[in-house]
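Letters go in sequence order (proteins before strands), and every chain restarts at 1.
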Amino acid sequence: MDYIKKQLPDSLTKTGGIMLAVGVLILIMAFIFTPERAFFDYLWIYLFMVSIGVGSLALVALEYLVGATWSTPFRRITEILASLTPVLIILAIPLFFGLHDLFHWTHAEAVEHDAVLQSKSPYLNVPFFMARTAFCLLLWVLFYYMLTRNSEKQDIDGDPKYTKRNVTLSTIFAALFVITITIAAIDWAMSLEPHWFSTIFGVYYFAGTVIAALAASTFASIKLKEGGYLDKSLGEDSFYSLGTLMFGFNVFWAYIAFSQFILIWYADLPEETFWLIHRWEGSWKFVSLALLFFHFVLPFLILVGRNAKTNLGLLKWMAPWMLVAHALDLYWLIFPTLFRGNASFGWQELSFPLIVIGLTMVVFKLSANKKNLMAIKDPKMQMGLDFHL
Amino acid sequence: MIGKILKKLDDKFLKSEPRTGELFAVAALFDTPDQIIHAAEKVSDSGYKKFDVLTPYPVHGMDGAMNLKPTGIGWVGLIAGMSGTFLAFLMIWWMVGINYPNIFGGKPYFNLPASIPIMFELTVLLSALTLVGSLIALFMKLPANANPLMDTDFIKRVTSDKFGIYIEAKDPKFKLEEVRAMFESLGSTSVSNIHDAEYDLGDTKNPLLNGKFIGAMLGTSVAVVGITYFVLNVLLFLPPFNWMHYQPKVLPQTESKFFKDGFSMRKPVEGTVARGFMPYEFKGMPDSMVVITPNPLPVTQKVLDLGKKRFDTYCSPCHGFYGKGDSRLRGQFPVPPTLHSQKVTNWKDANIYHVITNGQNTMPSYASSISRDDRWAIIHYLRVLQRSANAPDSDLETK
């Protein structure tokens with residue numbers, strides 16, 4: 001292993017900063033002209049950041065949990081992406097001002113005349129909602145700090161005890177992650193339609209977060225490898241499993257999406273079907289079809305072959321593709337509540353790509369400044385670098 | 001205990017006497033994955049082509065070490081899988097759309113969502129089975145029914161704790177002493193010569209047709225099927241769930257605590273007609289009061305076939321298959337008049353409909369057993385019978 005730390009270029013913070021600034025500006029304009037829509041845009045951005053940040057954290061924990069060696073050379077990159085997690089706390093604050101615009105169940109006068117909402121109110125009420133969000137966020141941040149601290153300390157002395165500690169932490173986190181990501185999905189996305197329910201919804205969102213996190217890690221890893229920031233001996237075979245996981249979780253996502261769909265379709269109960277019908281009305285139909293083909297069918301066909309997964313040129317395209325697909329997925333989950341009948345994409349929505357990309361670039365660069373881009377003294381590192389199919 | 005029994009069986013059936021056939025290969029065992037990778041590299045670098053490596057678990061980096069070309073097996077899996085998808089689609093489409101159309105839950109006869117799980121399962125099933133099948137075919141080198149490596153100590157070790165490599169004697173570069181020396185210099189713990197087994201093939205040339213082999217396969221199949229049947233249908237048998245049967249629901253002819261009048265059976269809402277219970281306007285009225293309406297059904301092959309089926313079932317016992325009044329009831333019921341009479345021939349369809357629906361003297365009403373459409377179809381068929389009994393000569397002329 002002959003890794004030498006190179007600083008990432010400053011252009012990352014500059015371009016990222018400009019994008020972020022323009023995005024925020026657009027969002028502020030949106031808040032002035034169309035406040036309700038702006039909050040939906042903001043929720044979209046927020047959930048996407050949760051997907052990448054917390055999803056990456058889950059990938060880090062997963063590596064420790066299963067003792068994978070192939071992924072060790074990439075783990076630090078995933079850790080750096082997970083550094084979006086602490087940022088989520090700050091990002092959550094504006095959301096709390098939008099509860100009334102976003103969530104129908106916060107309207108006291110509506111709940112009063114609505115038996116369904118009344119019976120759900122022990123769970124869906126503002127204080128408990130805030131408490132749950134705070135709980136999830138604090139838990140994620142806590143584990144982010146514990147896991148990355150151990151991993152970074154190991155860079156100094158290579159003591160295997162840090163790996164052991166992280167394995168224990170990851171075991172606990174795995175269970176807590178499943179619970180918290182389910183809470184997040186139910187609270188922030190499913191309760192937009194408080195009359196609707198789907199018990200598989202948490203898993204659905206979870207599948208999306210893992211794909212997004214994998215795609216972000218894959219893209220960052222390939223870019224860094226091309227730029228010569230990683231160890232030279234890292235070969236293409238090592239990327240194989242990133243591609244395979246992305247492919248696998250995409251199939252998993254489709255499986256869950258279909259499971260959700262077919263039960264609703266079969267039972268044909270009005271209290272459930274309306275949610276799908278909203279997504280099949282007017283131009284929403286095309287968004288739904290686009291989701292099917294763009295998120296599942298095409299990536300499935302492109303990534304199914306073995307060669308596709310070691311072809312870095314192709315993976316470099318498929319990773320952003322899957323990120324866009326996940327953005328589309330979240331759009332499809334969130335916006336039908338706001339745009340009944342027809343989908344819409346206006347200047348307000350431009351804030352999404354600008355803020356998401358800009359913020360990720362800035363946070364990545366700032367977080368990477370102080371760290372090695374590879375976990376240089378991890379006991380599994382050499383095995384990871386020697387990995388061959 | 002079980003281990004001992006297995007060992008005894010093993011000794012009895014699988015320990016073959018030293019083999020006398022031609023030399024098949026030289027095989028070597030190694031202790032560690034690193035050694036086997038090294039050995040594979042050496043063998044492929046020395047230019048041997050017909051060699052293979054066997055390990056108890058997949059060893060990463062082996063493809064490169066053996067200098068393997070990318071295999072086409074993925075395509076086999078893909079094609080088999082896609083055939084599964086397509087076959088499942090065809091199967092469901094034909095079964096529920098054509099052969100046995102039935103309405104489930106108000107869905108169209110054929111619908112894609114309900115077919116997708118089956119398409120998915122068949123995709124997986126077909127590709128998995130085909131791949132396992134190809135694997136066996138390749139390893140056994142069909143039509144041979146065994147690989148010479150089978151039943152050797154070599155294969156026993158590589159399937160448990162050792163890493164093995166062998167070079168076939170057919171390899172153009174093969175020289176027995178050289179190969180053995182190379183394996184030994186690589187640090188092998190055991191190098192062995194593997195000979196072909198001389199099986200008694202009897203009269204047949206093709207080992208797949210050998211009587212003993214077929215007998216063994218049949219025996220195994222019967223045993224597997226029998227054990228599976230016993231385990232699933234006897235040991236693990238669960239009676240079908242009958243929760244639906246005992247669910248709280250309204251039964252006919254019972255008391256209801258829900259409705260005020262205490263009846264669980266309800267009358268149709270005022271001004272509505274229950275499906276299939278359209279009342280007949282001229283019930284109990286004489287034929288003369290029937291308002292003549294045309295037969296609503298078209299004369300098509302399908303309608304006539306239906307009419308014949310219903311006529312043969314419901315009318316022929318008394319009226320005979322041709323409506324000639326040749327009852328099959330042997331006097332147990334008044335013999336009806338012929339349906340080819342002037343009267344019935346000149347009747348309008350609605351009059352005959354009236355007789356079927358309302359009954360006439362001794363003939364009972366068939367309103368409750370034959371649906372409305374079926375009655376009209378019977379009448380079309382009756383017209384065919386009448387025409388065929390009085391066919392004019394012009395019908396016989398061919399064009």
Participant: Does NZ in B:Lys249 sit with more than 12 non-hydrogen atoms of other residues, nucleotides or ligands closer than 6.0 Å?
Facilitator: yes
Participant: Using ring pair (Phe, Tyr, Trp, His ring centres under 6.0 Å) as the criterion, list what pairs up with B:Phe174, not counting sequence neighbours.
Facilitator: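 With neighbours one apart ignored, the set is empty.
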Participant: For atom NZ of B:Lys173, is the number of surrounding heavy atoms from other residues, nucleotides or ligands below 6.0 Å larger than 12?
Facilitator: yes
Participant: Quick one: donor-acceptor pairs under 3.5 angstrom, chain B versus chain A?
Facilitator:
| from | atom 1 | to | atom 2 | distance (Å) |
| --- | --- | --- | --- | --- |
| B:His60 | ND1 | A:His388 | O | 3.1 |
| B:Gly61 | N | A:His388 | O | 3.2 |
| B:Gly61 | N | A:Leu389 | O | 2.9 |
| B:Lys107 | NZ | A:Trp265 | O | 3.0 |
| B:Lys107 | NZ | A:Tyr266 | O | 3.2 |

Participant: Using heavy-atom distances under 4.5 Å, tell me whether B:Phe104 contacts chain A through its side chain, its backbone, both, or neither.
Facilitator: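 Neither the backbone nor the side chain of B:Phe104 comes within 4.5 Å of chain A.
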Participant: Going by the rule salt bridge (charged side-chain N to carboxylate O under 4.0 Å, His left out), which residues pair with B:Asp45 if we only count those two or more places apart in sequence or in a different chain?
Facilitator: none
Participant: Looking at residues at least two apart in the chain, or sitting in another chain, which of them share a ring pair (Phe, Tyr, Trp, His ring centres under 6.0 Å) with A:Phe258?
Facilitator: none
Participant: Select one option (side chain, backbone, both, neither) describing which atoms of B:Ala65 are under 4.5 Å from chain A's heavy atoms.
Facilitator: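 Answer is neither: B:Ala65 stays 4.5 Å or more from chain A.
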Participant: Do you know the tightest heavy-atom contact between B:Pro113 and A:Ile262?
Facilitator: O-CD1, 3.2 Å
Participant: Only pairs of heavy atoms separated by less than 4.5 Å count here; which of B:Pro117, B:Gly61, B:Gly77 has the most with chain A?
Facilitator: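 Counting heavy-atom pairs under 4.5 Å, the top option is B:Gly61.
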Participant: Counting only heavy atoms from other residues, nucleotides and ligands, does the tally under 6.0 Å from CZ of B:Phe139 exceed 12?
Facilitator: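 Result for CZ/B:Phe139: enclosed.
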Participant: Got more than 12 heavy atoms from elsewhere within 6.0 Å of CZ, B:Phe263?
Facilitator: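 No - once you tally the heavy atoms of other residues, nucleotides and ligands closer than 6.0 Å, there are 12 at most.
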